[in-house]
Enquirer: 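Structure provided below as structure tokens; questions to follow.
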Amino acid sequence: MPELPEVETTRLGIAPYACGKRIRELVVREPRLRWPVPADLGARLRGQKILSVERRAKYLLFNTAVGTLLVHLGMSGSLRVIRKATAPQKHDHIDISLQGGIILRYCDPRRFGCFLWREPGEDHPLLRHLGPEPLSSDFHEDYLYGKSRGRKGAVKNLIMDGKVVVGVGNIYANEALFRAGVRPDRQAGRISAVRYRLLTAAIKQVLTTAIEQGGTTLKDFVGGDGKPGYFAQALLVYGREGLPCTRCNAPLRQLRLGQRTTVYCVACQR
DNA sequence: CGCTGACCCTGACGGC
DNA sequence: TGCCGTCAGGGTCAGC
């Protein structure tokens with residue numbers, strides 16, 4: 001489920017329950033995630049206080065004095081707050097049991113997520129080559145324009161490339177391109193600086209709005225009914241193939257780019 | 001270095 | 001009902 005807004009929503013939802021608490025134990029029912037959960041992860045975390053919960057790209061970082069627990073939700077993962085112990089369901093692979101009885105329960109049917117360890121000061125390979133955060137000032141029009149020069153691939157693939165900018169998943173790539181009026185399959189290197197200004201702004205806007213609306217999902221999330229819920233945000237193109245464009249009424253078209261479904265308006269996006 | 005395609009896994013859904 | 005193919009919001013990696 002998670003795109004960046006949902007990861008951020010998750011972070012905001014669990015941080016108040018996790019920060020300052022000690023980890024009682026890590027209960028790993030299924031270690032076979034994207035990479036195996038390290039066998040000594042529980043031993044490292046036991047008794048450690050969670051000093052902060054940060055996010056980098058779509059990774060959640062649980063910082064302790066002895067190192068950092070690195071969590072990715074993959075495609076289908078969720079991490080929710082369990083107030084009173086209930087029986088784990090089918091794909092509830094890991095519990096982070098906290099002092100005070102709260103459990104952070106990790107569910108991930110497809111097991112594309114991960115639980116890994118980072119030593120203090122370590123330059124972790126999974127984080128090493130990540131591009132700037134899309135909502136930071138490091139991500140700006142000149143930066144994206146510069147990155148695009150010489151690239152022959154589709155612009156949609158460029159903005160979904162984590163080495164260029166992190167956190168732009170398939171849904172929001174589609175949405176941002178529509179709002180910026182840029183065709184997803186256009187060669188990245190052949191788009192003007194002016195249009196990269198529009199695109200950069202659209203990416204920031206669409207993610208900001210989604211995070212704000214993710215905030216409304218927050219209560220459900222923390223309340224522990226387990227419903228990941230999706231953003232109430234109206235998606236203008238994603239999932240609307242064949243339906244009329246909200247701007248010009250032309251039927252939206254679909255194609256595949258980098259093995260991912262792409263929807264756009266032939267008339268509005270150039 | 002840039003780009004493409006394979007791959008990791010389960011579940012939902014549509015067609016027959 | 002059941003079986004089969006297709007698709008799904010993540011990302012890494014090998015190979016050219």
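So you know, we letter chains A, B, ... as the sequences are listed, proteins then strands, and number each from 1.
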Enquirer: Judged by each residue's nearest nucleotide on DNA chain B, which is more toward the 5′ side, A:Q259 or A:L158?
Expert: A:L158
Enquirer: Polar-atom pairs under 3.5 Å, protein N or O versus N or O of nucleotides 11-13 of chain B: list them with distances, or write none.
Expert:
from   : atom 1 : to    : atom 2 : distance (Å)
B:dG11 : OP1    : A:K90 : NZ     : 3.0
B:dG11 : OP1    : A:H91 : NE2    : 2.6

Enquirer: Please name all residues satisfying side chain to side chain donor-acceptor pair (under 3.5 Å) with A:R29, sequence neighbours left out, ordered by chain then number.
Expert: A:D95
Enquirer: Both distances under 3.5 Å, Watson-Crick or G-U wobble: on that basis, could you give the dot-bracket string for DNA chain B, with [ ] for crossing pairs and | for other-strand partners?
Expert: .|||||||.|||||||
Enquirer: Please give, in whole Å, the distance from C:dG10 P to A:L4 CG?
Expert: 11 Å
Enquirer: So which one's nearest nucleotide on DNA chain C is more toward 5', A:R256 or A:P125?
Expert: A:R256
Enquirer: Taking all non-hydrogen atoms of both residues, which atom of A:G77 and which atom of A:P2 are closest, and how far apart?
Expert: O-CG, 3.7 Å
Enquirer: Which part of the nucleic acid does A:R34 contact within heavy-atom distance under 4.0 Å: base, sugar-phosphate only, or nothing?
Expert: base
Enquirer: Using atom P in both nucleotides, what's the gap between C:dC3 and B:dC9 to the nearest angstrom?
Expert: 23 Å
Enquirer: Other than A:Y59, which residues form its hydrophobic cluster under the rule that side-chain heavy atoms must be closer than 4.5 Å?
Expert: A:W35, A:L61, A:L70, A:L116, A:L126, A:L127, A:L130, A:V166
Enquirer: Among residues at least two apart in sequence or on other chains, which ones pass side chain to side chain donor-acceptor pair (under 3.5 Å) with A:Q48?
Expert: none
Enquirer: With sequence neighbours excluded, what pairs up with A:Y264 under the ring-ring contact (aromatic ring centres under 6.0 Å, His included) test?
Expert: none
Enquirer: Ring of A:F112 versus six-membered ring of B:dC8: centres under 5.5 Å and planes under 30°?
Expert: yes
Enquirer: For A:F62, what residues pass the ring-ring contact (aromatic ring centres under 6.0 Å, His included) criterion, not counting sequence neighbours?
Expert: none
Enquirer: Would you kindly give the CZ-to-P distance between A:R260 and B:dG5, to the nearest whole Å?
Expert: 14 Å
Enquirer: Which part of the nucleic acid, if any, lies within contact of A:R32, taking any heavy atom under 4.0 Å across all strands shown: a base, the sugar-phosphate backbone alone, or nothing?
Expert: nothing
Enquirer: Quick check on contacts: within residues 52-62 of chain A, what sits under 4.0 Å from DNA chain C by heavy-atom distance?
Expert: A:K58, A:Y59
Enquirer: So which pairs with a foot in residues 124-133 of chain A pass salt bridge (Lys or Arg N to Asp or Glu O under 4.0 Å), sequence neighbours left out?
Expert: A:R55-A:E133, A:R56-A:E133, A:D123-A:R128
Enquirer: Calculate the interatomic distance between A:H72 atom NE2 and C:dG11 atom P; express it in whole Å.
Expert: 4 Å
Enquirer: Checking contacts here: which listed nucleotide (B:dC3, B:dT4, C:dT12) is nearest the side-chain heavy atoms of A:W35?
Expert: C:dT12
Enquirer: Tell me: CG of A:L257 to P of B:dT4, nearest whole Å?
Expert: 9 Å
Enquirer: Under the rule for side chain to side chain donor-acceptor pair (under 3.5 Å), what residues qualify as partners of A:T68, not counting sequence neighbours?
Expert: A:N63
Enquirer: Only pairs under 3.5 Å count here: list side-chain donor-acceptor contacts from residues 186-196 of chain A, not counting sequence neighbours, and write none if there are none.
Expert:
from   : atom 1 : to     : atom 2 : distance (Å)
A:S192 : OG     : A:R195 : N      : 3.3
A:R195 : NH1    : A:R270 : O      : 3.0
A:R195 : NH2    : A:G181 : O      : 2.8
A:R195 : NH2    : A:R270 : O      : 2.9
A:Y196 : OH     : A:A188 : O      : 2.7

Enquirer: What side-chain donor-acceptor pairs closer than 3.5 Å can you find for residues 244-256 of chain A, not counting sequence neighbours?
Expert:
from   : atom 1 : to     : atom 2 : distance (Å)
A:R256 : NH1    : A:T261 : OG1    : 3.3
A:R256 : NH2    : A:Q259 : O      : 2.9

Enquirer: So, are A:E119 and A:R44 salt-bridged, with charged N and O less than 4.0 Å apart?
Expert: yes
